[in-house]
Peer 1: 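Below is the structure I would like to discuss, written out as structure tokens.
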Amino acid sequence: MPTFIFMKSFKLVIILIMGPLSCFCQRAYLGEPEEKLQTLEKNIFRIIFTSPLSANRETNTFAFNYERQLQGAFCLDSKIGLGVGINKFGSSKSPNQYSFHGFGSIEGKYYLFLKQRKKGGKYIYNFTSPYISLEQNLFTNALALINQVEKEAFEGATATFINLGYQAQSSKLYLRAFFGVQILYSDFAKYDANRSLRVVHGGASIGYVF
């Protein structure tokens with residue numbers, strides 16, 4: 001029953017995130033020059049902040065992001081940066097707990113309906129579209145701590161996910177929402193070796209496109 005309740009809540013959060021994002025995508029062209037409506041740049045550089053749906057599964061991340069078009073609707077997306085756990089982990093009474101982690105991700109994306117959207121004259125600037133992907137991500141154990149002991153901090157892992165997402169770009173603003181199901185993982189936990197990680201993840205991102 002708790003798992004069922006969690007899945008219902010998870011789906012509701014995704015709907016609440018992706019509904020407004022979808023509306024944004026449909027209206028984004030209003031502020032863009034006509035020639036940008038269907039532009040797909042081969043190399044895209046961003047800096048992005050991502051907030052996860054589950055704080056014990058992943059941390060907030062600040063990352064440099066490079067996305068490269070491979071062919072047609074296929075892209076390779078890589079991220080490297082810093083994961084930050086804030087006031088979420090451990091039993092300490094301190095109101096200001098922080099843990100800092102190395103973060104990296106590589107993701108093969110396929111943008112759904114891209115050809116159809118392009119033929120229909122839809123806004124697809126820099127892959128503004130739903131997508132499916134295979135992602136490998138990694139969070140290290142704590143590299144630095146503030147007001148927290150190591151055994152209470154977020155512990156890292158590396159995992160493989162199949163994701164569904166929706167991303168959009170308008171001018172220099174980048175938005176994304178995603179969720180995924182874990183298919184493989186390796187745990188780095190030292191203090192909670194028998195923990196059970198949720199097999200789903202998700203989150204929302206906001207970023208700046210260079």
Side-chain angles (χ1 to χ4, degrees), residues 13-53 58-84 102-139 159-181 200-210:
V13 171
I14 288 296
I15 291 170
L16 291 174
I17 291 173
M18 295 189 71
L21 181 55
S22 179
C23 292
F24 169 85
C25 294
Q26 296 301 317
R27 298 179 182 273
Y29 68 88
L30 293 175
E32 293 289 359
E34 184 70 25
E35 63 271 16
K36 278 193 173 183
L37 298 184
Q38 296 196 328
T39 300
L40 301 176
E41 296 178 8
K42 198 168 186 68
N43 298 287
I44 306 170
F45 297 88
R46 311 180 183 103
I47 185 167
I48 60 176
F49 168 75
T50 300
S51 181
L53 288 180
E58 296 167 338
T59 72
N60 299 305
T61 60
F62 298 88
F64 292 102
N65 173 216
Y66 170 55
E67 183 166 4
R68 177 175 174 81
Q69 183 185 27
L70 299 178
Q71 184 175 4
F74 289 95
C75 288
L76 187 65
D77 185 295
S78 59
K79 303 178 188 73
I80 188 166
L82 186 68
V84 184
F103 163 72
S105 167
I106 188 160
E107 186 173 11
K109 289 180 174 178
Y110 177 76
Y111 288 95
L112 303 169
F113 318 119
L114 192 67
K115 289 183 180 179
Q116 296 90 325
R117 287 167 61 82
K118 186 172 184 178
K119 287 181 180 178
K122 301 293 186 181
Y123 183 85
I124 58 170
Y125 180 39
N126 275 356
F127 303 96
T128 292
S129 180
Y131 66 86
I132 186 169
S133 71
L134 181 67
E135 178 191 15
Q136 183 73 35
N137 72 14
L138 179 148
F139 289 85
T160 307
F161 294 94
I162 296 175
N163 296 325
L164 284 173
Y166 207 132
Q167 71 176 38
Q169 181 180 333
S170 179
S171 187
K172 297 295 186 180
L173 175 66
Y174 172 76
L175 296 174
R176 177 185 66 142
F178 67 95
F179 71 96
V181 178
V200 293
H201 81 154
S205 304
I206 185 169
Y208 177 83
V209 184
F210 294 99

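Side-chain atoms are counted along with the backbone in the values below, which use heavy atoms only and exclude waters and symmetry mates.
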Peer 1: Is it the case that more than 12 heavy atoms not belonging to Lys119 sit under 6.0 Å from its NZ atom?
Peer 2: no
Peer 1: Tyr125 vs Glu41, test: side-chain contact (heavy atoms from CB on, under 4.5 Å). Steps then yes/no.
Peer 2: CA-CA 8 Å; Tyr125 180 39; Glu41 296 178 8; 3.7 Å; yes
Peer 1: Apply side-chain contact (heavy atoms from CB on, under 4.5 Å) to the pair Asn137 and Phe161, showing each step before the final yes or no.
Peer 2: CA-CA 8 Å; Asn137 72 14; Phe161 294 94; 3.7 Å; yes
Peer 1: Could you give me the CA-CA distance, side-chain angles and deciding distance for Ile162 and Leu134, then say whether side-chain contact (heavy atoms from CB on, under 4.5 Å) is met?
Peer 2: CA-CA 5 Å; Ile162 296 175; Leu134 181 67; 4.1 Å; yes
Peer 1: Indicate the atoms forming the closest heavy-atom contact of Tyr123 with Ser170, along with that distance.
Peer 2: OH-CA, 3.7 Å
Peer 1: So, the side chain of Ser51 versus the backbone of Asn60: is there a donor-acceptor pair under 3.5 Å, distance only?
Peer 2: no
Peer 1: For Glu67, give me all partners under side chain to side chain donor-acceptor pair (under 3.5 Å), at least two apart in sequence or on another chain.
Peer 2: Arg46, Tyr111
Peer 1: What I'd like to find out is whether the side chain of Thr61 reaches to under 4.5 Å of the side chain of Phe139, using heavy atoms alone.
Peer 2: yes
Peer 1: Mark yes when over 12 heavy atoms from residues, nucleotides or ligands other than Leu40 sit less than 6.0 Å from its CG; otherwise mark no.
Peer 2: yes
Peer 1: Report the residues that fulfil side chain to side chain donor-acceptor pair (under 3.5 Å) with Ser205, sequence neighbours left out, ordered by chain and then residue number.
Peer 2: Thr50, Arg176
Peer 1: What's the separation between atom OH in Tyr110 and atom CD1 in Ile132, rounded to the nearest 0.5 Å?
Peer 2: 10.5 Å
Peer 1: For residues Phe178 and Glu107, determine if any side-chain heavy atom of one lies less than 4.5 Å from a side-chain heavy atom of the other.
Peer 2: no
Peer 1: Nearest 0.5 Å, what's the NZ-CD distance between Lys122 and Gln116?
Peer 2: 12.0 Å
Peer 1: Is there a donor-acceptor pair closer than 3.5 Å between any side-chain N or O of Gln69 and the backbone N or O of Gly72?
Peer 2: yes
Peer 1: Within a strict 4.5 Å, meaning less than it, do heavy atoms of the Ile44 and Phe127 side chains meet?
Peer 2: yes
Peer 1: To the nearest 0.5 Å, what is the distance between NZ (Lys109) and CG (Leu70)?
Peer 2: 12.0 Å
Peer 1: Distance from Ser105 atom OG to Asp77 atom CG, nearest 0.5 Å?
Peer 2: 6.5 Å
Peer 1: Between Glu58 and Pro52, which heavy-atom pair has the shortest distance, and what is it?
Peer 2: O-CG, 3.4 Å
Peer 1: CD1 of Ile106 to OG of Ser133: how many Å apart, nearest 0.5 Å?
Peer 2: 12.0 Å
Peer 1: Does a side chain donor of either Thr128 or Gln169 reach within less than 3.5 Å of an acceptor in the other side chain?
Peer 2: no
Peer 1: Rounded to the nearest 0.5 Å, what separates atom CG in Leu138 from atom CD1 in Ile80?
Peer 2: 10.0 Å
Peer 1: Would you please indicate if the ring centroids of Tyr208 and Phe210 are separated by under 6.0 Å?
Peer 2: yes
Peer 1: Of the non-hydrogen atoms in Gln167 and Asn126, which two are nearest, and what is the gap between them?
Peer 2: NE2-O, 3.6 Å
Peer 1: Check whether more than 12 heavy atoms from other residues, nucleotides or ligands sit under 6.0 Å from atom OH of Tyr66, and answer yes or no.
Peer 2: yes
Peer 1: Does Phe45 CZ have over 12 foreign heavy atoms under 6.0 Å away?
Peer 2: yes
Peer 1: With sequence neighbours left out, write down each residue that passes side chain to side chain donor-acceptor pair (under 3.5 Å) with Ser78, or none if nothing qualifies.
Peer 2: none
